[in-house]
Amino acid sequence: MVDIFLAILNIIQDTDPFVFYLIITMMVSAAALSYLRGLREGFISTAFLCAFFSLIGEFAPYVYIPLAASCVLFAIDLFGLNKFKRKIENIINWLYLFWMVKTTRVKANKK
């Protein structure tokens with residue numbers, strides 16, 4: 001089945017490169033437009049598109065970076081590591097407030 005898709009894309013690329021790049025552009029645009037629906041749908045469509053190109057062997061070195069990025073970002077979105085990030089930001093903010101109170105007390109004691 002993969003060989004059929006590769007053969008079809010190779011035939012289109014050899015006969016009319018404009019149509020080939022038009023098809024590729026339409027596929028990538030569809031994946032990009034899916035981000036308007038939601039982040040999860042965008043990550044999933046990007047992963048499917050990159051996996052499709054990886055399976056048929058087209059654009060092999062270029063599809064691994066978006067595939068890995070979309071999988072990692074989807075996992076982060078799915079497992080809710082934003083809550084963990086928010087806890088880290090809260091700790092940093094509390095440390096900053098503690099430091100500011102400490103420095104203002106020292107300045108107030110000197111006067």
Side-chain angles (χ1 to χ4, degrees):
M1 188 70 172
V2 172
D3 294 333
I4 294 171
F5 288 128
L6 183 59
I8 290 171
L9 285 177
N10 283 337
I11 289 170
I12 294 171
Q13 186 178 12
D14 291 340
T15 56
D16 194 3
F18 177 74
V19 173
F20 172 74
Y21 289 113
L22 184 67
I23 291 171
I24 299 301
T25 303
M26 288 171 46
M27 292 172 76
V28 171
S29 298
L33 286 175
S34 67
Y35 281 95
L36 294 176
R37 172 85 171 132
L39 281 177
R40 288 185 182 174
E41 290 85 358
F43 294 147
I44 291 170
S45 65
T46 302
F48 280 146
L49 185 66
C50 292
F52 172 73
F53 284 137
S54 177
L55 271 172
I56 64 172
E58 198 71 33
F59 310 117
Y62 303 111
V63 297
Y64 296 123
I65 293 171
L67 178 63
S70 66
C71 289
V72 167
L73 290 173
F74 179 69
I76 288 173
D77 185 46
L78 188 65
F79 294 124
L81 295 179
N82 291 333
K83 295 175 187 175
F84 182 69
K85 179 182 172 188
R86 184 70 183 151
K87 287 180 182 180
I88 291 174
E89 287 176 356
N90 284 342
I91 291 171
I92 292 171
N93 290 336
W94 276 107
L95 289 175
Y96 176 74
L97 288 174
F98 177 74
W99 178 72
M100 286 300 291
V101 167
K102 185 177 177 182
T103 55
T104 53
R105 282 186 187 168
V106 170
K107 288 179 185 177
N109 290 336
K110 286 184 180 180
K111 291 183 180 182

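Heads up: numbering here begins at 1 and tracks the sequence.
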>> Applying side chain to side chain contact (heavy atoms under 4.5 Å, CB included) to Phe53 and Ile24, what does each step give before you reach the verdict?
In response: CA-CA 10 Å; Phe53 284 137; Ile24 299 301; 3.7 Å; yes
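Leu22 and Met27 fall into different hydrophobic clusters, where Ile, Leu, Val, Met, Phe, Trp and Tyr are joined by side-chain heavy atoms under 4.5 Å apart, directly or via other members. Under the 4.5 Å side-chain heavy-atom criterion for Ile, Leu, Val, Met, Phe, Trp and Tyr, Phe20 and Ile8 are members of the same hydrophobic cluster.
Taking each heavy atom of Ala31 and Ser45 in turn, the nearest pair found is O-OG, 3.5 Å. Shown here for Val28 and Leu49, the closest heavy-atom pair between the two residues is CA-CD2, 3.9 Å.
Atom-to-atom distance recorded for Trp94:CH2 and Ile92:CD1 is 14.5 Å, nearest 0.5 angstrom.
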